[in-house]
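Take a look at the structure below.
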6 protein chains.
Amino acid sequence: MWIYEKKLEHPVRVSCPDPRFAKLVITQYGGPDGELSASLRYLNQRYTMPTDKAKALLTDIGTEELAHMEMVATLVFKLLDGVPAAELDREGLGGHYAQHDHALFWQDANGVPWSAKYIQATGDPVADLTENMAAEQKARATYENLIQLTDDPCAKDVLKFLRQREVVHFQRFGEILNDVQMHYASCKYYINR
Amino acid sequence: MWIYEKKLEHPVRVSCPDPRFAKLVITQYGGPDGELSASLRYLNQRYTMPTDKAKALLTDIGTEELAHMEMVATLVFKLLDGVPAAELDREGLGGHYAQHDHALFWQDANGVPWSAKYIQATGDPVADLTENMAAEQKARATYENLIQLTDDPCAKDVLKFLRQREVVHFQRFGEILNDVQMHYASCKYYINR
Amino acid sequence: MWIYEKKLEHPVRVSCPDPRFAKLVITQYGGPDGELSASLRYLNQRYTMPTDKAKALLTDIGTEELAHMEMVATLVFKLLDGVPAAELDREGLGGHYAQHDHALFWQDANGVPWSAKYIQATGDPVADLTENMAAEQKARATYENLIQLTDDPCAKDVLKFLRQREVVHFQRFGEILNDVQMHYASCKYYINR
Amino acid sequence: MWIYEKKLEHPVRVSCPDPRFAKLVITQYGGPDGELSASLRYLNQRYTMPTDKAKALLTDIGTEELAHMEMVATLVFKLLDGVPAAELDREGLGGHYAQHDHALFWQDANGVPWSAKYIQATGDPVADLTENMAAEQKARATYENLIQLTDDPCAKDVLKFLRQREVVHFQRFGEILNDVQMHYASCKYYINR
Amino acid sequence: MWIYEKKLEHPVRVSCPDPRFAKLVITQYGGPDGELSASLRYLNQRYTMPTDKAKALLTDIGTEELAHMEMVATLVFKLLDGVPAAELDREGLGGHYAQHDHALFWQDANGVPWSAKYIQATGDPVADLTENMAAEQKARATYENLIQLTDDPCAKDVLKFLRQREVVHFQRFGEILNDVQMHYASCKYYINR
Amino acid sequence: MWIYEKKLEHPVRVSCPDPRFAKLVITQYGGPDGELSASLRYLNQRYTMPTDKAKALLTDIGTEELAHMEMVATLVFKLLDGVPAAELDREGLGGHYAQHDHALFWQDANGVPWSAKYIQATGDPVADLTENMAAEQKARATYENLIQLTDDPCAKDVLKFLRQREVVHFQRFGEILNDVQMHYASCKYYINR
């Protein structure tokens with residue numbers, strides 16, 4: 001179970017509301033390679049990992065991605081905060097306003113709702129950990145694209161922090177993949193199967 | 001942000017593995033009215049609630065639903081644990097095994113992956129809280145159906161606990177809806193708009 | 001079965017075509033909380049209602065929502081009528097024109113096609129009627145958002161009429177929910193189950 | 001707008017409940033080539049038809065398909081009527097019972113919810129009418145498959161009636177396609193464009 | 001199996017990059033009536049065709065549609081080539097850039113990912129061939145719409161070539177439908193069934 | 001463009017029809033980690049690869065996956081060949097028969113239609129190649145699961161051949177990822193950016 005602590009993992013500020021950019025950033029909340037995809041992918045895969053260390057890592061990173069999801073939510077909300085309906089519409093968020101007013105939603109930058117089809121769990125630890133390494137690379141690439149799409153130094157700071165965490169997670173998944181492969185080697189796994 | 005505590009909100013045991021029932025219970029993990037729907041619905045709606053009390057309630061219940069999601073995951077995993085491939089196939093889980101082995105997945109009882117289309121956030125606190133009351137009713141009804149579909153007293157105990165929590169949440173959403181309506185009344189909200 | 005009567009429930013006029021607004025209004029035709037969702041939700045739930053009065057109400061409101069669906073279709077069509085392709089493209093409807101020319105489609109304001117995942121039928125009358133009350137609240141909120149997004153008094157008139165009907169339906173679902181609960185109370189429903 | 005008349009277009013009876021067959025027949029309620037697809041396809045295409053006769057035909061057939069939708073709903077409901085949960089589960093409807101009890105839902109025979117992706121409206125009358133002719137052929141083929149899957153003469157009677165109506169609709173769409181093409185020929189449509 | 005030949009079926013040039021138009025043209029790559037839909041529809045239906053001639057035609061056209069898919073991909077890629085992120089964003093492709101940079105994706109003009117729900121295979125050759133005739137009409141209509149949406153003579157040339165091929169395919173499907181119907185007539189198909 | 005050669009990459013035989021297994025194997029035709037996902041993923045990513053060698057590899061493997069897709073189609077078709085409707089229904093394919101008769105469809109083992117949400121193209125070659133390595137691991141795992149689910153030595157032979165090819169592709173994607181990273185290192189890519 002989880003305990004909520006009323007603070008963000010890293011502060012989230014914006015220089016000023018920017019609905020155009022909110023429309024893009026939301027993809028890291030509910031888009032294919034966003035934080036929801038990451039968190040649900042890892043928390044879901046825990047059960048079939050072969051070592052306690054691998055289970056713990058997935059739990060840790062899955063939980064941290066919940067915190068990132070909250071950071072992105074806060075970023076999007078601040079980018080929309082107080083922007084009148086007419087301005088939202090001019091900036092391409094008329095559909096968002098009609099359907100969600102100033103609320104957030106689990107969707108990509110085109111308004112396509114999140115789907116579990118974005119993620120996978122094969123029950124094969126090697127396949128799952130490789131999937132996770134790919135996921136971190138894709139999330140990193142998306143943050144790099146988003147950083148190109150804003151001039152706001154505060155928003156850039158948030159995105160750079162999140163990008164950096166993806167790089168760290170990629171490394172950690174690589175290490176645990178080695179571990180898991182050594183575990184199977186020592187179990188003579190392929191012979192027994 | 002969230003802190004993970006390595007225990008379940010309520011113990012989850014099964015009398016013996018029962019893949020047939022696992023296939024049904026998974027709907028409360030990744031189906032339309034399951035715990036993922038609940039948690040993501042509430043955590044997402046927090047930002048546009050008009051009072052601190054309403055924000056706090058959504059955070060609390062959204063966080064508790066994460067714990068329920070973990071309970072249902074544990075239940076499904078134990079119902080599948082150690083069951084050979086051929087038996088999974090006989091019990092209607094051949095497709096699950098082919099695609100996910102013994103892993104979990106965010107899907108309903110027919111294998112349809114979870115979609116954010118199941119939930120909504122309108123940014124209108126009255127509409128959102130009414131949506132939440134409906135969600136709790138639907139989750140309660142689903143748990144009641146599942147309780148009819150098993151004879152295992154251990155599994156029933158888990159499902160009854162979860163059903164009971166939905167009833168409590170329904171009550172609490174009802175109370176906060178009253179609160180929010182009084183808040184607007186005292187703001188002369190409808191007049192100002 | 002249904003008989004078609006060649007008139008609208010309420011007249012639909014627009015001051016002049018306005019493709020930008022058509023793109024938004026279409027969400028009440030084929031979006032999550034639109035008239036198609038409403039009609040299909042109610043007509044589908046009729047069969048498991050416990051009283052004739054509840055069945056009749058769902059049939060009535062479901063049939064009226066078909067008429068609202070037709071009103072929204074007419075509104076969208078008039079907002080697009082005669083607008084050249086280049087102007088549609090400038091107003092954000094280039095994708096719509098490429099795929100549908102001036103035709104309508106069952107989609108939300110971002111072009112996401114309608115899905116039955118937006119609605120539910122649990123077979124539990126209390127849960128289903130609460131779902132319907134939430135649906136009417138969400139539809140009301142969407143109409144209020146749309147009213148903010150246009151200056152056309154004719155379009156506003158249509159939207160206000162439809163919003164008002166949702167409020168009436170909300171009331172009627174509330175009354176029938178009381179009825180159904182009293183019906184179960186008199187049947188000692190919870191004891192027998 | 002539509003007026004509801006409290007009778008079915010054609011009587012719907014079953015020899016006895018048959019949940020296994022209900023699971024299959026539901027595809028003509030909410031599956032790719034079912035009655036919902038048909039009705040929504042035709043009612044939606046009316047607006048861009050070039051002649052009053054074509055508009056009237058789409059309205060007529062679209063309205064009749066609503067009646068067929070109701071007939072299929074009644075058929076499915078009777079096939080499920082009074083069947084206990086355990087038997088539903090044995091016949092492959094455990095997932096349906098968990099999520100919908102004895103209620104209907106807009107889904108195909110595998111439990112995949114209906115999507116507007118099944119249908120199209122291009123705004124080109126020739127393309128749209130050809131799409132409709134294909135739709136009627138696909139619906140006919142589905143009814144023929146379903147007729148192979150039951151021995152119940154009452155259910156067969158309903159399905160044969162519906163199949164026959166699809167054949168009639170196919171003919172009528174073919175005639176109106178000729179009409180529309182002659183209309184364009186007389187307008188020198190292709191020259192003007 | 002297929003052999004790749006490193007040339008396009010027809011040359012693809014653009015006068016200059018035009019991201020606005022790229023966003024629209026992509027619907028013929030991954031939208032409802034695009035080349036992917038066509039190719040996958042035909043290659044998938046081959047197995048249940050009753051004559052070798054029909055199987056061969058589906059294989060031929062299905063393979064040609066792969067080549068068209070590649071032509072549309074090349075067209076979209078050239079329309080995006082070298083366009084900076086900020087300009088993509090101004091032209092409505094900010095979401096595309098965030099999620100895919102300058103890469104292609106199987107999606108429609110609104111960014112909705114391709115789904116097999118767009119196509120069908122009933123196993124009934126008459127129904128399937130009629131579906132294919134409708135598909136060719138819908139593709140033709142979409143190309144005509146796209147031709148209206150650009151002034152670039154090079155892009156127009158590509159689209160006109162592709163439109164023309166759809167017309168040819170429509171004819172060929174019509175001929176093979178006659179053939180198949182004569183084949184069944186000579187088999188006394190309907191009597192034997 | 002592609003040339004069709006009328007032979008399979010590797011022979012496909014079955015000992016005898018086995019609809020139960022056909023229902024499972026189809027996931028490698030149209031499921032999340034199947035051959036369609038593979039082929040469309042690689043052919044789509046070609047355009048943004050930085051070296052000719054990487055483009056050629058994606059074209060080669062993407063084309064080979066088309067051949068694998070055809071092998072799986074042939075396998076499924078032979079497993080269904082000549083099986084009567086009633087037996088299909090008993091083996092869990094009643095829904096398939098109702099909707100597709102003996103035809104194939106792009107769907108997973110539960111009947112969920114294929115979606116482009118299963119795959120990604122970020123335009124970042126490192127991310128895309130890592131995604132491809134994960135895809136090959138997931139396909140390998142799925143083939144291993146399927147091999148557990150049949151006793152037919154002919155079907156096993158086909159699946160083992162396909163599994164082996166995935167392992168080879170995984171290696172080749174790993175090599176080209178090294179290549180691409182060295183290419184960027186020699187371009188001082190990260191500095192210039």
Side-chain angles (χ1 to χ4, degrees), chain B residues 18-37 72 75-76 79 89-96 99 105 107-119 135 137-152 155-156 158-159 162-163, chain D residues 17-34 36-37 40 44 72-73 76-77 79-119 142 146 149:
Chain B
D18 181 355
R20 181 201 56 80
F21 191 52
K23 189 174 189 309
L24 306 180
V25 169
I26 206 166
T27 195
Q28 285 303 76
Y29 185 58
D33 303 313
E35 300 294 351
L36 182 62
S37 292
V72 180
L75 179 58
V76 174
L79 289 167
D89 191 23
R90 274 196 304 277
E91 299 291 340
L93 283 144
H96 188 93
Q99 295 171 198
F105 199 62
Q107 66 191 17
D108 77 359
N110 298 310
V112 177
W114 193 84
S115 163
K117 291 175 187 167
Y118 294 140
I119 66 177
Q137 287 289 344
K138 292 186 284 178
R140 172 194 57 72
T142 309
Y143 280 120
E144 290 177 1
N145 294 342
L146 288 169
I147 289 166
Q148 303 289 321
L149 290 161
T150 183
D151 295 324
D152 179 346
K156 270 186 199 284
V158 176
L159 298 172
L162 292 167
R163 178 188 58 178
Chain D
D18 180 355
R20 180 201 57 83
F21 191 51
K23 188 174 189 309
L24 306 179
V25 169
I26 207 167
T27 195
Q28 287 302 77
Y29 185 59
D33 304 312
L36 181 63
S37 291
L40 295 182
N44 180 62
V72 180
V76 173
F77 188 65
L79 290 166
L80 295 176
D81 198 26
V83 180
E87 187 181 337
L88 290 176
D89 191 23
R90 274 196 305 277
E91 298 291 340
L93 284 145
H96 187 92
Y97 180 78
Q99 295 171 198
H100 308 295
D101 199 330
H102 285 73
L104 299 170
F105 199 63
W106 306 104
Q107 65 192 17
D108 78 358
N110 298 309
V112 177
W114 193 84
S115 164
K117 291 175 186 168
Y118 295 140
I119 66 176
T142 310
L146 288 169
L149 290 161

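In the text below, chain A, chain B and the rest are named by the order of the sequence lines, each starting its count at 1.
Scanning all heavy atoms of the two residues, the minimum distance from Gly95(D) to Ala109(B) falls at CA-CB, 3.5 Å. Counting all heavy atoms, side chain and backbone alike, Tyr97(D) lies closest to Leu149(B) at CD2-CD1, 3.5 Å. Minimum heavy-atom separation, Leu146(B) to Ala98(D): CD2-CB, 3.8 Å. Between Asn110(D) and Asn110(B), the shortest heavy-atom contact is O-CB, 3.5 Å.
For Pro84(D), no part sits under 4.5 Å from any heavy atom of chain B, backbone or side chain.
Distance NZ/Lys23(B) to CG/Asp89(D): 9.5 Å, rounded to 0.5 Å. For the atom pair NE2 of His100(D) and OG1 of Thr27(B), the computed distance is 8.0 Å after rounding to the nearest 0.5 Å. In this structure, Glu144(B) CD and Asp101(D) CG are separated by 9.5 Å, a value rounded to the nearest 0.5 Å.
Using modelled atom types, one finds no donor on one side chain facing an acceptor on the other under 3.5 Å when comparing Gln99(D) with Asp33(B).
In terms of heavy-atom pairs under 4.5 angstrom with chain D, the leader among Val112(B), Ile26(B), Val25(B) is Val112(B).
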